[in-house]
Structures are given as C-alpha cells and as structure tokens.
Amino acid sequence: MERIPILKMGPFLLVTIQVDLYDRLALNLENDLITMVSKTGARGVLIDISAVTIVDSFMGRILGNIASMSRIMDAETVVVGMQPAVAITLVELGLTLQGVHTALNVERGMDLLYKKTDVLLDQNQEEEEEAAEQDPE
Amino acid sequence: MDTNTTARLLLRKKQDILVNWMENQLADDTLRDDLISNEELNKQSEELLDGLLKAVSHGNFENIYSPEYEQTLDTLGDISITRARQGFSPRETNLYVLSLKQALTDVLEQEHLNDPALLYKEVILINKLLDNLSIATFETYLKGREEVILRQTDELNEISTPVIRVWDGILALPIIGTLDSSRTQIVMENLLQEIVNTGSSIAILDISGVPAVDSLVAQHLIKTVSATRLMGAECIISGIRAEIAQTIVHLGIDLSNIRTKSTLASALQIAFEMLNLQVRKTGQTSVTKLLR
C-alpha cells in the first residue's frame with residue numbers, strides 16, 4: 001500500500017507530497033503524521049505540496065485537520081510551495097486554511113517554524129547573547 | 001412574370017442604375033465624404049452592383065444564401081466591416097444598401113410605365129431582395145463592431161494588470177478600473193504566478209484606481225488576499241480613499257483581518273518593516289561636516 005514518507009529533521013517533521021492525493025492516502029497521511037508527532041514529540045510539521053496540482057475540498061479539510069490536531073499536541077503546521085492554481089481552487093472552495101501557516105518554499109517554511117516554535121530560537125538567542133557577552137572582552 | 005427578363009433588363013440598364021444610385025448617395029445629407037472619397041464610393045458601388053446583377057442573372061431573386069450570391073455577400077460583408085471600422089453609423093451603412101433599392105425601382109418604373117401590374121410585381125421582388133441584403137449587411141456590420149469591442153476588451157485586460165516588482169521581495173499591483181469576476185481571476189493568476197517567479201513574500205494591492213467598491217468587489221479582494229496567504233505571502237491593500245472606506249463600512253464588509261493602508265507609500269513602509277529593512281536619509285553627515 002502506498003504511503004507518504006515522513007522525515008524527522010531535528011525537532012520538526014518534514015512531509016513531501018509528490019503524488020496527487022486521493023482520499024485514502026490523505027487519511028493515512030493524517031493518521032501517520034499525528035502518530036509520528038506524538039511518538040517523537042515534534043514541535044513543528046512542514047508539509048511541502050509544491051508537486052500537488054489538484055486539490056478538492058476533502059484535501060483542504062485534511063490539511064486543516066492536521067493543523068488543528070498538531071496544534072493540540074503543541075506542534076505548529078506550515079504548508080509550503082502551494083501552486084497558484086491550487087491556491088485559487090482552495091479560495092474558490094471557501095477553504096482559507098485558518099490556523100495553517102504558509103510559506104513560499106521549504107527554506108522559508110523552516111525559518112517560519114524556527115520563529116513560531118521558540119525552543120530552538122531560545123537556544124539561538126542564548127548563543128547569540130553569549131557571543132555578545134564574550135565580544136566586549 | 002419572367003424573372004429572367006427582369007434580370008436582363010437590369011443588366012442592360014446597369015450604367016443607368018449606377019449613375020442613379022451614385023446621384024442618390026451624393027445627394028443624401030448623411031453622405032460621409034470625410035470618411036470615404038467619392039471615387040472610392042463609386043468603385044465600391046460598381047463592384048457591388050456588378051456582383052448583384054450577375055447573381056440575379058440566374059433568375060433567382062429570392063434566396064440570397066444560394067451559391068450565386070456568394071460573391072455579392074462577400075463584397076457586401078467587406079464593405080460593411082470596413083465601414084464598421086471606419087466609424088460609419090449603422091444608419092449610414094444601411095442607407096447605402098437601401099439607396100440601391102431606389103435606383104433599381106426607378107429604372108424599372110421608367111421601363112414599365114404602362115404596365116403597372118408587372119411593375120408592382122417587380123418592385124415587390126426588388127424590395128424583398130434588397131431587404132434581405134440589408135439584413136445581411138447589418139449582421140456583418142454588427143459582427144465587425146463586436147470584433148472591435150472584443151479586441152478592445154482583451155487589450156484592456158492585458159494592459160490593466162501589470163505586476164510591478166518594487167523591491168526585492170515586494171510586489172505591487174495597481175488595479176485600475178472596475179474589478180469584475182473575470183478581471184479578478186486574471187489579476188489573481190498574474191499575482192500568484194509572479195509571487196512564485198520572484199519568490200516575493202509581500203504583495204501590495206493598490207486600489208486607488210478602482211472607481212467604486214461594492215460587496216462583490218470587496219469579495220474579490222478578500223479572495224485575492226486569501227489566495228496570496230495560502231501561497232505563503234502577505235498581502236497589503238493600499239490606496240483606500242475616503243469614499244471607499246465609507247462604502248465598505250456602510251456595506252458592513254469586514255476587512256479587519258486584512259492589512260489596509262491609505263497610500264502606497266505607507267504600505268511600502270510597512271512592507272519594509274516586515275522585511276526588517278530601513279530607509280534612511282543620506283548626506284546628513286556632509287552637511288554637519290560643512291557646518292563644523
């Protein structure tokens with residue numbers, strides 16, 4: 001049975017959807033992803049849909065569901081690389097994906113995740129502060 | 001009555017008819033000698049009359065869609081399309097064909113003065129034929145006009161939606177004219193495609209050129225903003241005039257989760273802030289140096 005791989009990258013999970021999602025696949029993805037979030041205690045989920053060309057209302061709802069479920073488990077969701085046609089379709093369907101963060105590409109999505117989840121950012125800031133403290137000496 | 005005889009008679013009297021017709025046209029008050037020269041008009045008329053007489057020579061006065069009328073219809077179509085483009089009014093274009101009716105019946109009248117019954121039948125025949133031709137003219141005339149309108153609409157759609165890259169990562173899209181569904185679609189597609197192409201994270205939608213905002217236009221704006229957000233970019237609406245703000249509030253449209261600014265300048269300012277950019281005045285130091 002076809003499955004979409006979920007990669008763990010530090011405190012985040014990375015999902016790249018490279019096929020057009022059909023309903024069963026989307027449901028499996030939702031299931032697997034939430035299981036992974038609880039298993040790894042991930043702080044953020046990044047979903048790359050740049051290769052997805054067709055969406056329907058079900059797919060939109062699944063994305064919204066993943067976001068809400070992750071939020072409950074203290075993980076932020078970022079959807080990246082949405083195609084213009086997909087964005088227009090979702091808007092015409094009335095699905096504006098409230099609660100889902102979006103970014104143009106994976107790189108910016110990662111930046112956004114770092115910004116939204118403060119664990120790593122705090123570490124960075126501490127490092128910076130340490131560096132700043134060391135500088136004058 | 002033999003239609004062939006009538007046809008032959010007309011063919012024999014061709015020169016008279018042409019002279020008569022030209023006289024009619026030139027005498028008319030609505031003659032547009034500013035749009036078409038008399039020689040050209042004469043050439044046009046002769047060509048049309050030639051074709052018409054050749055067509056009726058088969059004795060067919062009834063069906064103008066039969067093969068022998070093909071050439072006449074073509075000529076007529078060309079004439080009326082050119083006239084539509086040159087800016088002739090529908091009335092002038094139609095009168096051109098109808099004045100031929102007068103010329104033809106005049107010739108028949110002279111010929112059959114002492115046979116009113118025959119004359120009546122022939123006149124009816126000519127009337128029918130030319131009425132049909134004038135309908136055909138009018139159809140092509142309208143078609144010509146519609147083509148002009150369609151072309152203009154296309155041009156308008158193309159020129160009115162440029163996406164401007166005002167800064168690295170900031171796009172601006174000035175909208176001029178009323179936003180309807182089809183234009184919103186084009187605007188949205190252009191904007192989203194440009195966001196992908198340039199990797200911009202902020203889009204400024206300037207609506208200072210939009211004459212009025214009603215609930216439908218607002219709906220279109222909200223859709224565009226939502227779609228930009230889904231792509232992962234932020235959208236700012238600028239150029240909101242006082243009247244537009246009033247209408248929006250009176251209509252009860254909720255724009256509270258959309259960033260709005262009154263001018264493009266302030267929208268750009270906000271965009272700079274969001275990208276952690278600063279615009280500073282330079283040259284200050286040199287002045288202070290001078291003062292010292």
Side-chain angles (χ1 to χ4, degrees), chain A residues 14-17 44-57 59-64 66-67 76-116 121 125 128, chain B residues 161 163 165 167-171 173 179-203 205 215-237 253-259 271 273-276:
Chain A
L14 177 63
V15 182
T16 310
I17 303 176
V45 177
L46 192 135
I47 306 174
D48 174 27
I49 57 165
S50 53
V52 175
T53 49
I54 300 170
V55 283
D56 55 8
S57 53
M59 159 90 179
R61 218 185 75 206
I62 292 284
L63 285 176
I66 292 177
E76 295 287 340
T77 307
V78 178
V79 172
V80 304
M82 191 182 290
Q83 295 293 323
V86 173
I88 293 174
T89 314
L90 284 182
V91 170
E92 294 294 341
L93 287 172
L95 295 164
T96 46
L97 299 189
Q98 298 292 341
V100 179
H101 303 295
T102 50
L104 279 175
N105 49 38
V106 177
E107 204 182 353
R108 293 208 188 156
M110 275 296 174
D111 284 347
L112 191 65
L113 271 184
Y114 280 123
K115 226 180 272 172
K116 293 284 173 194
L121 200 66
Q125 272 174 349
E128 274 167 26
Chain B
T161 52
V163 182
R165 197 170 165 184
W167 204 267
D168 201 24
I170 305 174
L171 294 178
L173 192 129
L179 267 183
D180 54 19
S181 306
S182 62
R183 269 197 76 196
T184 317
Q185 192 75 14
I186 297 171
V187 166
M188 216 196 272
E189 275 167 19
N190 281 353
L191 179 65
L192 299 190
Q193 197 51 54
E194 205 57 28
I195 287 176
V196 173
N197 292 349
T198 60
S200 305
S201 51
I202 295 173
L205 219 59
S215 43
L216 206 63
V217 174
Q219 186 67 33
H220 291 320
L221 285 175
I222 293 172
K223 267 187 191 169
T224 314
V225 174
S226 309
T228 343
R229 270 199 196 142
L230 280 180
M231 301 271 306
E234 188 61 37
C235 196
I236 305 169
I237 295 184
I253 300 162
D254 183 24
L255 289 184
S256 58
N257 40 19
I258 295 177
R259 262 173 214 267
E273 273 167 32
M274 285 158 75
L275 290 180
N276 299 324

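Naming: A, B, ... by sequence-line order, numbering from 1 per chain.
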Review item, side-chain donor-acceptor pairs of residues 90-100 of chain A, under 3.5 Å, at least two apart:
unit_1: Glu92(A); atom_1: OE1; unit_2: Lys223(B); atom_2: NZ; d: 3.1
unit_1: Thr96(A); atom_1: OG1; unit_2: Gln98(A); atom_2: NE2; d: 3.1

Can you tell which part of Ser200(B) gets under 4.5 Å to a heavy atom of chain A, answering side chain, backbone, both or neither? backbone
Closest approach of Arg108(A) and Ser201(B), non-hydrogen atoms and distance? NH1-CB, 3.5 Å
Mind checking which of residues 76-83 of chain A sit less than 4.5 Å from chain B, heavy atom to heavy atom? Met82(A), Gln83(A)
Taking every non-hydrogen atom, the tightest pair across Gln185(B) and Ile88(A): NE2-CG2, 3.8 Å
Gln193(B) and Pro84(A): which non-hydrogen atoms are nearest, and at how many Å? OE1-CG, 3.6 Å
Among residues at least two apart in sequence or on other chains, which ones pass side-chain contact (heavy atoms from CB on, under 4.5 Å) with Glu107(A)? Asn105(A)
Output the distance between atom CG (Leu104(A)) and atom CE (Met231(B)), rounded to the nearest 0.5 Å. 6.0 Å
For Ala227(B) and Ala87(A) the tightest heavy-atom approach is O-CB, 3.7 Å
Sequence neighbours left out, what pairs pass salt bridge (charged side-chain N to carboxylate O under 4.0 Å, His left out) with at least one residue falling in residues 185-200 of chain B? none
